[in-house]
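Everything below concerns the one structure shown next.
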Amino acid sequence: MLALAPVIASTILVNALLPADGGRTFGLQAAVRLLAVALPPSLLFITTRTDRLLVDLERRGLPPGSAFVVGTALSALPQTLERARRVVDALRARGFDTEGSIGTRLRGIPPLTQAIVQGLLAEVEDRSLALEVRGFRRVRRRTFLDPPTDTSGEGLLRLCLLALAVGGIAYRFWLR
Amino acid sequence: MIQLESVSYWYPGSRRPALSDFTLQVQAGEVVGLAGPNESGKTTACLVASGLAPRVVGGRLEGHVSLPPSSAMLFDAPATQLTGLHQTVFEEVAFGPCNLGFPADEVRSRAAGAISALGIAGLASRHPDRLSGGERQLVALAGLLAMRPTHLVLDEPLARLDEEGSDLVAAAVARLAALGTAMLVAEHDREFLARVAALVIEL
């Protein structure tokens, strides 16, 4: 959301400065639309633990392999950042300058990207073997420890939100 | 019992065997060590003895291999052995028994037992991503112990461990052997092998 702030601010400002009629209104509308796109995924990941989400999805029928791929993709960012830090340290230890002017920083990107991608690819087989020995491919019916449960209020709220979403779509396309 | 007779193994696409005419026998409750320089075939022997090669790794195998039904292997790199999906060490250790479909109470009991056996109860509520390499290695080993395999293959289990961690692994190996688990341990540390293994094979 913070990353989107400059885009939203400049959208409003640029449209407000336009000589055409309704520029300010158009700018505000565009900003609200940008927020509408960015807010739902942000809210989801702020309020929901990835592992709990995946457990619930798997309990509702998502195949374990798919759940693992989704979970790995969602949790890959911190691990990739840690790997990038290690690669940068290794590059610096070998005398490769990665800080300073924009040109110096840009020159550091190819070796950094190459090392990260190669490292991730090399890990694929190790991870696959590690999952195999942990019985991942033998899963018939996985046991879930403390699966998320809904209170009756949460279930009702979900139904209301679903009805609201369907109503909103119907209003937008057919009733307006 | 783990039994390999005159086993040769080729990795996919390789013409040179990574393991040649290798014979090994590990009885229930016995610990056999594997020693040798880098590239001598220790990891390959572990992969074959755990049933991962060629079943999962691919490649070609000649000779006779006989393995018990439930096997587990600990690898030398702790970072890739943890799933990265769990918020606590306890959940990470419970991952294997959960996959095997045991009832929740038994999963908890197995995970708690494995954590206790390795002396890492203090880590149970920590996030696996915030552990040191040695701690992660112990968590990975606990994850295997919780599955209670009938034979266990350890490929350089001390790679990231300090002296205290090595002692914990040695104690866990002795305890598992007493329970009847057949174990193959590939390790550079010959002192450790002398402590835990009844027989050390040089590759």
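Convention: sequence-line order gives letters A, B, ...; per-chain numbering from 1. These numbers were taken from a predicted model, which means no experiment stands behind them.
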*Answer yes or no: is there a side-chain heavy-atom contact under 4.5 Å between B/Leu154 and B/Leu141?*
yes
_Note, A/Leu106 side chain near A/Ile109 side chain (heavy atom, < 4.5 Å)_ = yes
*Please lay out, stage by stage, how B/Phe192 and B/Val185 fare under the test side chain to side chain contact (heavy atoms under 4.5 Å, CB included).*
CA-CA 10 Å; B/Phe192 174 80; B/Val185 184; 4.0 Å; yes
Tell me, side chain or backbone of [X] under 4.5 Å from chain A's heavy atoms, or both, or neither?
| X | result |
| --- | --- |
| B/Glu92 | both |
| B/Val153 | neither |
| B/Met73 | both |
| B/Leu47 | side chain |
| B/Phe95 | both |
| B/Pro149 | neither |
| B/Ala94 | side chain |

*B/Glu202 CD: over 12 foreign heavy atoms closer than 6.0 Å*: yes
*Using heavy atoms and a sub-4.5 Å threshold, report which of residues 52-59 of chain B line up against chain A, by residue number.*
B/Leu52, B/Arg55, B/Val56, B/Val57
_Between A/Asp56 and A/Arg60 (salt bridge meaning N to carboxylate O under 4.0 Å), is one present in this structure?_
yes
*May I ask you to decide whether B/Asp167 forms a salt bridge with B/Arg195, counting only side-chain N to carboxylate O separations under 4.0 Å?*
yes
*Separation of B/Glu30 CD from B/Leu184 CG (nearest 0.5 Å)*: 10.0 Å
*Rounded to the nearest 0.5 Å, what's the gap from CZ on B/Phe90 to OG on B/Ser125? Could you check?*
11.0 Å
*Check whether A/Arg49 gets within reach of chain B through its side chain, its backbone, both or neither, counting any heavy atom under 4.5 Å.*
side chain
*Run the side chain to side chain contact (heavy atoms under 4.5 Å, CB included) check on B/Ile120 and B/Glu135 step by step: do they pass?*
CA-CA 8 Å; B/Ile120 52 171; B/Glu135 288 170 335; over 6 Å; no
_Checking the side chain of B/Gln137 only, and the main-chain atoms of B/Phe75 only, is there a donor and an acceptor separated by less than 3.5 Å?_
yes
*asked:* Among B/Gln81, B/Met147, B/His86, which residue has the highest count of heavy-atom pairs closer than 4.5 Å to chain A?
replied: B/Met147
